[in-house]
Amino acid sequence: MPDEKQTSKLDIKPVLPENGLTHVEDIAQYVLCKPKILPMKSVTLEKLEQMQKEALAEAKAQRRAEMEADAQSAF
């Protein structure tokens, strides 16, 4: 009898259905999305740079005006 049990375990073959549903496990995978385009400079930084350029332009204009006034008063 023990021999019969061993042979019956070895004789079992897997049965795959030809019709119908089978179970398949999904493997989680990464989903890539489009990269987001970010501005090189923020709006605040651009405003600060613009204000700095305007302040430099005003300082240069004042310096030129002072130099011209000094030059005219020297003559």
Side-chain angles (χ1 to χ4, degrees):
M1 286 255 185
D3 293 331
E4 290 177 17
K5 287 184 180 179
Q6 282 183 337
T7 57
S8 65
K9 288 182 182 179
L10 296 175
D11 290 340
I12 297 174
K13 296 180 183 178
V15 177
L16 297 174
E18 294 178 10
N19 295 335
L21 300 174
T22 57
H23 177 71
V24 178
E25 291 184 24
D26 278 340
I27 299 172
Q29 295 179 353
Y30 290 108
V31 177
L32 300 176
C33 57
K34 285 184 170 182
K36 296 181 181 178
I37 298 174
L38 299 174
M40 295 297 286
K41 295 182 182 178
S42 67
V43 175
T44 307
L45 182 61
E46 288 179 2
K47 286 181 183 178
L48 288 173
E49 287 179 348
Q50 182 66 29
M51 288 172 57
Q52 187 177 17
K53 286 179 184 178
E54 290 173 0
L56 284 173
E58 286 180 22
K60 285 182 181 179
Q62 285 179 352
R63 186 176 290 165
R64 283 186 197 142
E66 289 175 2
M67 293 185 110
E68 287 177 4
D70 288 343
Q72 288 179 359
S73 64
F75 288 114

Could you list the donor-acceptor pairs under 3.5 angstrom formed by side chains in residues 33-44, with sequence neighbours left out?
residue, atom, partner, partner atom, Å
Lys41, NZ, Glu49, OE1, 3.1
Lys41, NZ, Glu49, OE2, 3.4
Ser42, OG, Leu45, N, 3.2

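Within the structure, every pair that satisfies the side chain to side chain donor-acceptor pair (under 3.5 Å) test and touches residues 52-68, not counting sequence neighbours, is listed here: Gln50-Glu54.
Scored by the salt bridge (Lys or Arg N to Asp or Glu O under 4.0 Å) test, Glu46 finds no partners at all (sequence neighbours excluded).
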